[in-house]
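Structure first, commentary second.
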Protein chains: 2
Amino acid sequence: MLNQQADLNRLFNALADPARRAMVERLSRGPAPVSELARPLPMSLPAVMQHLDVLEAAGLVRSEKVGRVRTCAIDPAALSQAEQWINARRIEWQGRLDRLGEYLKTLESEGGDDGSSH
Amino acid sequence: MLNQQADLNRLFNALADPARRAMVERLSRGPAPVSELARPLPMSLPAVMQHLDVLEAAGLVRSEKVGRVRTCAIDPAALSQAEQWINARRIEWQGRLDRLGEYLKTLESEGGDDGSSH
DNA sequence: ATGATAGTTAGGTAAATGCTTAACCAACAG
DNA sequence: CTGTTGGTTAAGCATTTACCTAACTATCAT
């Protein structure tokens with residue numbers, strides 16, 4: 001899917017803000033109402049709402065309103081998407097370094113040359 | 001360190017752009033000069049340079065200029081910092097869900113009640 | 001019904017982002 | 001020396017972002 005890209009945009013972008021990360025950190029320890037997410041943050045409630053919108057659009061958080069309180073919770077699936085992208089990159093460069101290491105080792109054992117030829 | 005926060009800001013922010021991710025993906029497969037990073041991207045060279053600046057500021061990429069060509073390579077350490085943050089969150093909510101599961105299990109085994117009490 | 005609590009909407013603003021073009025510099029090739 | 005390649009700097013511009021305040025709605029308690 002080409003929208004994988006858009007997903008990652010929203011995801012990483014959501015995580016790029018300290019207030020939003022703080023919210024995710026709080027929610028990682030359990031669900032919470034909006035006002036509790038807002039309390040430690042040095043900004044107005046409407047500002048927190050906007051951050052919450054970003055988090056929901058990124059799929060990191062879902063929320064439901066019952067009575068007059070909206071309770072928020074993390075959605076673990078989204079985070080693991082980001083993790084997967086990072087992981088894929090690690091595999092790539094690690095594989096490359098491994099192959100490079102192998103290559104250097106074969107050079108080493110293939111005769112007494114110190115490799116400084118040119 | 002409080003600057004851990006600033007680091008994560010720069011890191012996730014750097015990864016939030018598709019052009020920058022494309023550059024990182026390319027570099028995961030091996031070093032490349034600026035112009036090669038630029039070639040597949042639908043934008044001007046100066047624009048690519050700015051993205052490169054962002055990636056370097058985030059510590060994701062380092063580069064060195066020899067002659068007139070600047071060669072870029074990923075710096076694996078930075079990526080794993082992002083990974084660690086994500087991982088820490090996973091541990092938290094997973095631990096919580098595990099404890100919740102345990103709790104539900106004790107409720108279940110503690111008598112023939114189906115749990116729908118009140 | 002009155003008032004407090006929890007959240008939402010609307011509208012505005014200052015700063016940051018992601019580009020652009022044009023001009024420029026340094027290295028190397030002929 | 002001249003032109004070309006690879007990169008860089010500068011300046012400008014449209015859009016987005018991250019806030020704010022003020023006003024408003026809906027629930028719940030008394």
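Chain letters run A, B, ... following the sequence lines, proteins first and then strands; every chain starts at 1.
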Select from G67(A) and V54(A) the residue whose nearest nucleotide in DNA chain D is closer to the 5' end of that strand. V54(A)
Beyond-backbone contact of V34(B) with L52(B), side-chain heavy atoms, under 4.5 angstrom: yes
With respect to the side chain of M49(B), which nucleotide from dG7(D), dG18(C), dC20(D) is positioned closest? dG7(D)
Taking only the side-chain heavy atoms of Q50(A) (C-beta and beyond), determine which of dG6(D), dA18(D), dC19(C) contains the nearest atom. dA18(D)
Whole angstrom value for the distance that separates P of dT17(D) from CG of L15(A): 15 Å
Name the closest nucleotide to the S44(A) side chain, picking from dA27(C), dT21(D), dT21(C). dT21(D)
Describe the nucleic acid contact of A47(B) in one word from base, sugar-phosphate, nothing, applying a heavy-atom distance below 4.0 Å. base
S35(B) side chain near dG7(D) phosphate (N/O to OP1/OP2, under 4.0 Å): yes
Applying the salt bridge (Lys or Arg N to Asp or Glu O under 4.0 Å) test to E92(A), which of R96(A), R90(A), R89(A) qualifies? R89(A)
Interatomic distance, R70(B) CZ vs dG6(D) C1' [rounded to whole Å]: 11 Å
Does any N or O in the side chain of R10(A) come within less than 3.5 Å of the main-chain N or O of G59(A), such that one atom is a donor and the other an acceptor? no
D17(A) CG to dT16(D) P, in whole Å, measures 18 Å
Between V34(B) and A19(A), whichever has its closest DNA chain D nucleotide further toward 5' is V34(B)
Does the R20(B) side chain pair with the main chain of N13(B), one donor and one acceptor, at a distance under 3.5 Å? yes
If I take atom CG in residue N13(B) and atom P in nucleotide dA15(C), what distance separates them, rounded to the nearest angstrom? 19 Å
Considering only heavy side-chain atoms of P46(B), the closest of dG7(C), dA10(D), dC20(D) is dA10(D)
What is the distance from CG of N9(B) to P of dT17(D), rounded to the nearest Å? 16 Å
Output the distance between atom CD (E83(B)) and atom CH2 (W85(A)), rounded to the nearest 0.5 Å. 11.0 Å
Rounded to the nearest Å, what distance is computed from the NE2 atom of residue H51(A) to the C1' atom of nucleotide dA18(D)? 6 Å
L45(B) CG to dT20(C) P, straight-line distance once rounded to whole Å: 10 Å
To the nearest angstrom, the CD-C1' distance between E64(A) and dA6(C) comes to 16 Å
Counting heavy atoms from C-beta on, name the nucleotide in dA6(C), dA18(D), dC28(C) closest to the side chain of R68(B). dC28(C)
